[in-house]
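Working notes for the structure below.
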Amino acid sequence: MESLKEKKVLISGASIAGLSTAYWMNRLGYKVTIVEIANEPRMGGTAVDIRGKTIDVVKRMGIFERLKSNALNLEMIEFKNADDETEKSIIIKTKEVEVPNDEIEIERTKLVSILLDDLKNDVEFIFNDSITALNERKDDIHVTFKNGSQHVFDLVIGCDGTHSGVRKIWFGDETKYTHFLEAYFSISIVNKSLVKKDTMQFYNVPGKAYMLNAYKNKTDIVFCFLSEKEIPYNYRDVEQQKKIILEQFVGQGWRTAELLEEVNHSTNFYFDKFCQIKMPSWTKGRVALVGDAAYCASPAAGMGGALAMEGAAVLADALQKHNGNFELAFQDYNKNLRPFIEEVQAEAELNVREKFIPRTEEAIRKRNEEGF
Ligand SMILES: Cc1cc2nc3c(=O)[nH]c(=O)nc-3n(C[C@H](O)[C@H](O)[C@H](O)COP(=O)(O)OP(=O)(O)OC[C@H]3O[C@@H](n4cnc5c(N)ncnc54)[C@H](O)[C@@H]3O)c2cc1C
């Protein structure tokens with residue numbers, strides 16, 4: 001792709017969307033720079049699912065075998081009642097039943113490391129910095145960084161997550177695009193097995209859900225609750241967020257007291273609302289958004305990583321098809337990816353209400369009978 005050789009692209013965010021986009025842009029011949037607000041790639045998080053069309057993408061990226069060999073081995077999903085009896089179990093994998101080759105569940109940290117390994121010698125990383133201003137001109141786009149330096153690029157791709165800085169600067173305030181799904185969640189990962197290894201357990205009371213997922217020597221503890229109104233809280237005040245979970249769940253049955261104690265002591269507590277990002281266009285001028293910044297479907301989709309990798313590939317395919325003509329490529333990106341995003345977002349919205357956090361005892365019983 002001779003015509004792309006001298007082109008320069010800036011990617012904001014060094015997570016799944018940013019690293020995947022960097023992989024493709026580098027392969028197309030762009031000179032790639034990634035700016036990341038944190039002082040290193042951010043690790044942690046629960047497992048990421050890769051399945052369906054995204055399997056083809058990771059095969060094209062040449063990382064399928066490495067992902068497969070690092071995949072987690074979920075064997076069983078169990079739905080519990082207040083007496084800790086299993087009301088229903090779904091067998092995912094046994095010695096006799098193999099997981100189909102087109103589904104991979106992998107720790108987010110592992111996925112980020114594999115993506116990084118493939119890139120670290122080919123692209124420039126700038127950590128501890130972020131974009132503060134964008135100024136598009138006829139033939140390029142001028143970028144100002146927080147450290148005061150100024151740079152010129154051909155394209156800027158915002159891969160900086162649900163609370164994207166690029167989106168705020170270039171497309172407008174987050175409130176224009178965020179859709180609250182009337183629920184909150186917390187995630188804590190503890191370094192011990194709270195249930196049998198490779199098992200996921202769900203327990204519900206009306207309007208509240210618990211999920212435990214044990215793998216290796218770790219357990220993800222997830223609390224979710226419905227709330228029609230948004231709850232004001234400080235994004236940086238973890239103790240305040242832990243208190244919200246405590247107030248919502250204290251006094252409930254099953255293993256609540258023990259789990260709240262774990263959450264109280266956890267050092268990697270994460271709290272957020274279930275929300276989706278919906279935008280009429282993911283591109284404007286020389287700027288495009290990929291991943292959660294553009295079309296977050298919420299953790300209820302279980303598809304955040306997949307959408308990010310799929311989006312990066314669709315964008316790259318469009319740029320390749322149009323030989324770097326970004327205006328035509330961005331039109332294709334918006335058009336070609338949208339049906340898939342709309343389908344995943346609609347399913348996630350339904351998941352929150354009907355599958356994860358049913359509102360009544362009857363709805364919980366029905367979900368437990370039917371499973372997911
Ligand atoms: C540490 C971490 C833990 C996570 N844990 C979970 C989880 O447990 N469950 C779940 O469903 N999803 C989790 N996610 C979100 C999940 O990674 C995404 O839904 C999905 O993978 C899509 O990835 P993304 O690259 O679009 O966004 P993200 O993974 O959110 O990555 C955005 C990146 O941009 C960086 N960034 C943010 N603002 C700026 C800025 N202004 N300038 C430059 N860089 C910026 C961030 O530091 C981050 O590296 C987590 C994300 C992170 C960063």
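Both ligands and their constituent atoms are indexed starting at 1 by order of listing.
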Legend entry - Ligand-residue contact atoms, ligand 1 with Ala17, heavy atoms, under 4.0 Å: 24 (P), 25 (O), 26 (O)
Legend entry - Phe127 ring center near Phe125 ring center (under 6.0 Å): yes
Legend entry - Numbered atoms of ligand 1 (with element) below 4.0 Å of Gly291, judged on heavy atoms: 26 (O)
Legend entry - Contact atoms of ligand 1, heavy-atom distance to Cys159 under 4.0 Å: 32 (C), 33 (C), 34 (O)
Legend entry - Spacing of CG belonging to Asp56 relative to CD1 belonging to Ile50, to within rounding of 0.5 Å: 12.5 Å
Legend entry - Closest approach of any protein heavy atom to atom 46 (C) of ligand 1, naming residue and atom: Glu36 OE2, 3.6 Å
Inset, instruction - Could you list which atoms of ligand 1 come closer than 4.0 Å to a heavy atom of Gly305? - result: 20 (C), 21 (O)
Legend entry - Distance from atom 28 (P) of ligand 1 to nearest protein heavy atom, with residue and atom: Ser15 OG, 3.6 Å
Inset, instruction - Tell me which protein heavy atom sits closest to atom 50 (C) of ligand 1, plus the residue, atom name and distance to 0.1 Å. - result: Arg108 NE, 3.5 Å
Legend entry - 4.0 Å protein heavy-atom contact status of atom 13 (C) of ligand 1, strictly under: no
Inset, instruction - Enumerate the atoms of ligand 1 whose separation from the nearest heavy atom of Ile187 is less than 4.0 angstrom. - result: 7 (C), 8 (O), 9 (N)
Legend entry - ring-ring contact (aromatic ring centres under 6.0 Å, His included) partner of Phe274, chosen from Phe185, Phe180, Tyr184: Phe185
Legend entry - Tyr203 side chain near Gln252 side chain, heavy-atom distance below 4.5 Å: no
Inset, instruction - Would you mind listing which atoms of ligand 1 come within a distance below 4.0 Å of any non-hydrogen atom of Val35? - result: 43 (C), 44 (N)
Legend entry - Which atom of Ile189 lies closest to which atom of Gly45, heavy atoms considered: CD1-O, 3.5 Å
Legend entry - Salt bridge present between Glu78 and Lys196 (N-O < 4.0 angstrom): no
Inset, instruction - Considering heavy atoms of the protein only, find what lies nearest to atom 26 (O) of ligand 1 and give residue, atom and distance to 0.1 Å. - result: Asp292 N, 2.9 Å
Inset, instruction - Assess the side chains of Asn147 and Asp129: does a donor N or O sit below 3.5 Å from an acceptor N or O? - result: yes
Inset, instruction - List the closest protein heavy-atom neighbour of atom 27 (O) of ligand 1: residue, atom name, distance to the nearest 0.1 Å. - result: Gly161 CA, 3.7 Å
Inset, instruction - Look at Glu174 together with Arg167 and state whether they make a salt bridge at an N to O cut-off of under 4.0 Å. - result: yes
Legend entry - side-chain contact (heavy atoms from CB on, under 4.5 Å) partner of Phe271, chosen from Ile245, Ile187, Val238, Ile231: Ile245
Legend entry - Donor on one side chain, acceptor on other, Thr33 and Glu124, under 3.5 Å: yes
Legend entry - Taking atom 11 (O) of ligand 1 as the reference point, the nearest protein heavy atom with its distance: Pro299 CB, 3.4 Å
Legend entry - Given Val190, Asn191, Asn213, Thr46, the one that forms side-chain contact (heavy atoms from CB on, under 4.5 Å) with Lys218: Asn191
Inset, instruction - Please verify whether a non-hydrogen atom of Met43 lies at under 4.0 Å from ligand 1. - result: yes
Inset, instruction - Would you mind listing which atoms of ligand 1 come within a distance below 4.0 Å of any non-hydrogen atom of Gly304? - result: 19 (O), 20 (C), 21 (O), 22 (C)
Inset, instruction - Have a look at Asp160, Thr46, Val166, Thr162 and point out the one with the heavy atom closest to atom 38 (N) of ligand 1. - result: Asp160
Inset, instruction - Name the closest protein heavy atom to atom 6 (C) of ligand 1, giving the residue it belongs to and the distance to 0.1 Å. - result: Gly45 CA, 4.0 Å
Inset, instruction - Answer yes or no for Lys59 and Phe64: cation-pi contact, defined as NZ/CZ to six-membered ring centre under 6.0 Å and angle to ring axis within 45°. - result: yes
Legend entry - Enumerated ligand 1 atoms positioned under 4.0 Å from heavy atoms of Ile16: 21 (O), 25 (O)
Legend entry - Closest protein heavy atom to atom 44 (N) of ligand 1, given as residue, atom name and distance to 0.1 Å: Ile37 N, 3.2 Å
